[in-house]
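Data first, discussion second: the structure below is written as structure tokens.
Keep in mind that what you see is a predicted model, and the values were worked out from it rather than measured. If you read the sequence from its start, that first residue is 1, and numbering goes on from there.
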Amino acid sequence: MREILTLIARELAAKPLSAQSDTIPLRIAMHNEEGLNNRDSPLAMSSAEFRELGTQLIDRIAGFFDSLPQRPVTSAESPAVVRQALAAQRTLPQQGADPAQLLHHAADLLFDHSLFNGHPRFWGYITSSAAPIGALGELLAAAVNPNVGAWLLSPMASEIEGQTIRWIAEMLSYPVDCGGLFVSGGNMANFVCFLAARQAKAAWDVRTKGMDGTRLRAYCSKETHTWIQKAADIAGMGTEAIRWIPVDDEMRVDVTALREQILKDIEAGDVPAMVVGNAGSVSTGAVDPLPELAALCREFGLWFHVDGAYGGLAAVLQDAPGAITGLREADSVAVDPHKWLYAPLEAGCALVRDPEKLRAAFAYHPVYYHFGVEATNYFDLGPQNSRGFRALKVWLALQEVGRKGYEQMISDDIRLARALFERIPQYAEIEALTQSLSITTFRFVPTDLDSGDEKAASYLDELNLELLTCLQASGEAYLSNAVVHGKFALRACIVNFRTSLADIEALLPIVVRMGKTLDPKLRPHGLHTKGS
């Protein structure tokens, strides 16, 4: 109808009133009917053209994969340079362009102006090198384009998501009849579980009445990721509801301090609701004493949630750290397949022991929903209605390599991080700090510097920050940072199936070379040196 009205308006505007006649509407209607019977959409593509373009693109991507080890990890360009390459200020084209040229240009832009987390020397943020089968899975998912919100809109995709969730639970030794769904990443997976906990532990209709002035409290270590602040904010509890508990020398939550804080809050009239345990903290990979946290939560009737976005999947290993197996006792667990299952972004997963707790936290049924209950409708279990098919890429990879394949790859990543830590004593200028799971932290310390001096300690933080900046910009390797017991540290996190021992062995000499170059340029006068 809108198209017809638009055509009529254009025809009327094109001629003066004297030139218009009663035949115009008939002619327009005939024109419109012909257009609909023989519709030629600008987005349509013949199977032959699609096949040719797809083959060309796949060839370019395959060449890109082959070239990764020879490329810099990043081009380290300024925003201005990247925008110039994109021609970011140009306006929307009025006419269409050749799709082959567009795909070729897009590949050039991305291959020449990106940071490559698939590079064998990318050990920065916890984003894995993505499995090639996942890229193909994304293409297949986009081609079918199911809306995995309601089962009727996505029958096979919904069942694949359900099976993938069960397989992930199986890897964690978590109940396979749990509730769960795929989300964008760790933040959203933790949000989903947090909101389920709030609903379960509020003694009133919190979804209708809101927080109602009751002071629900959430407990976590000071090493917990900032997702919990966002979650407390979104849940209406406010960030003051979070109780940040001190950590021990190994960066794990202090259970004694946690117990004391819970008792203190009860005495003050607050309502302790949930405890969050880390199965691999972001900074150092620390694993909280999860079995002890589970027992404490049972004692006080609290919801026990495990943030396993990074490290939770290490529970699949036969020699997994003993504490990590405690996640099987949790009321909910968050894991990120786009971390240690090597899936392309986005892929987070929320698991909740009792599926009805998810439904109670999220389900609404307006009159225009007419979906049955004999199958899982994922809009009932999370915040999204329209949902992409995130599970397919994970489902494919799980079958391509099997459980044993993931045990091998995760174990290799951990062994490489340990190998890095074990090589640090070979370099007098490197101070080892922590090693847990696949994260190793360390810093550059000039051999003549008295690091115990207060001014020297401040300078070391400055020096290592500048060293990190130079290292990231160099493209030779990519690390991030952590703060370990007040010290600014360089942080290598290996979730990368392309990384080899040779890559690891190349890192420390690079750090020493850069550190020795920077130190004379940055060191202020008057710092204490050894023997002075």
Side-chain angles (χ1 to χ4, degrees), residues 45 49-79 81-88 97-143 185 336-347 388-390 392-394 396-397 400-401 405 409 412-413 416 471-480 493-504 506-507 510:
M45 187 179 291
E49 184 181 14
F50 183 83
R51 186 176 292 109
E52 181 179 356
L53 293 178
T55 299
Q56 292 173 4
L57 183 59
I58 291 295
D59 284 345
R60 287 212 65 186
I61 294 172
F64 164 69
F65 286 157
D66 289 341
S67 72
L68 271 175
Q70 287 75 49
R71 291 176 179 264
V73 184
T74 176
S75 55
E77 296 165 319
S78 69
V81 170
V82 177
R83 290 173 190 142
Q84 183 178 12
L86 177 62
D98 175 50
Q101 293 180 2
L102 291 174
L103 287 169
H104 185 79
H105 181 54
D108 284 345
L109 290 175
L110 290 169
F111 294 163
D112 295 341
H113 305 280
S114 291
L115 180 150
F116 303 121
N117 50 43
H119 194 286
R121 294 188 183 179
F122 178 83
W123 310 307
Y125 311 102
I126 313 177
T127 305
S128 69
S129 188
I133 197 170
L136 297 174
E138 288 283 71
L139 174 61
L140 179 56
D336 263 10
H338 67 220
K339 291 184 171 70
W340 242 346
L341 289 184
Y342 313 100
L345 291 160
E346 304 167 344
F389 192 11
R390 296 185 179 102
L392 181 61
K393 56 197 171 190
V394 182
L396 288 168
E400 182 189 18
V401 302
M409 291 185 291
D412 285 349
D413 285 345
L416 286 167
L471 180 64
Q472 290 179 341
S474 73
E476 293 186 74
Y478 202 95
L479 305 183
S480 59
C493 176
I494 303 168
V495 284
N496 193 330
F497 63 85
R498 291 188 172 99
T499 298
S500 69
L501 185 59
D503 294 310
I504 291 298
L507 175 61
I510 295 172

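A distance-only check finds no donor-acceptor pair linking the side chain of Glu476 to the backbone of Leu471 [under 3.5 Å]. Distance alone, capped at 3.5 Å, is enough to place a donor-acceptor pair between the Asn496 side chain and the Arg498 backbone. Between the Ser128 side chain and the His338 main chain, a donor and an acceptor come within less than 3.5 Å of each other. At least one donor-acceptor pair under 3.5 Å links the side chain of Thr74 to the backbone N or O of Ala76. Looking only at distances, a side-chain donor or acceptor of Arg60 sits under 3.5 Å from a matching main-chain atom of His104. Formation of a donor-acceptor pair under 3.5 Å by the Asp503 side chain with backbone atoms of Ser500 is found in this model. With hydrogens and angles disregarded, no donor-acceptor distance shorter than 3.5 Å links the side chain of Lys339 to the backbone of Gly185.
In plain terms, the two heavy atoms of Ser129 and Phe497 that are nearest each other are O-CE2, 3.0 Å. Between Pro120 and Thr499, the closest heavy-atom pair is O-OG1, 2.6 Å. For Glu138 against Lys393, the heavy-atom pair with the smallest separation is OE2-NZ, 3.2 Å. Taking both residues in full, the closest heavy atoms of Leu53 and Leu103 are given as CB-CD1, 4.1 Å, listed atom of the first, atom of the second, then distance. Minimum interatomic distance between Pro344 and Ala135 (heavy atoms only, all atoms of both residues): CG-N, 3.8 Å. Between Val394 and Pro337, the closest heavy-atom pair is CG2-CB, 3.8 Å.
Two residues are said to be in side-chain contact when any heavy atoms from C-beta on lie closer than 4.5 Å; Leu507 and Leu479 meet this criterion. Within the 4.5 Å cutoff, the side chain of Leu115 has heavy atoms near those of the Phe122 side chain. Using a 4.5 Å heavy-atom threshold, the side chains of Trp123 and Ile504 count as touching. Between Leu57 and Ile61, some side-chain heavy-atom pair lies under the 4.5 Å cut-off. Residues Tyr342 and Val401 are not in side-chain contact: their nearest non-hydrogen atoms beyond the backbone lie 4.5 Å or more apart. The closest side-chain heavy-atom distance from Arg71 to Asp112 is below 4.5 Å.
When the shell of 6.0 Å around CD of Gln84 is examined, it contains 12 or fewer heavy atoms from other residues, nucleotides or ligands. Residue-environment remark: CZ (Phe50) stays at or below the threshold of 12 foreign heavy atoms within 6.0 Å.
Taking the six-membered ring for Trp and the full ring otherwise, Tyr478 and Phe116 have centroids separated by 6.0 Å or more.
The CG atom of Leu396 lies 7.0 Å from the CG atom of Leu140; values are rounded to the nearest 0.5 Å. With rounding to the nearest 0.5 Å, the separation of OG1 in Thr55 from CZ in Arg51 is 8.0 Å.
The aromatic rings of Phe64 and Phe111 sit parallel, their planes meeting at an angle under 30°, below the 60° perpendicular limit.
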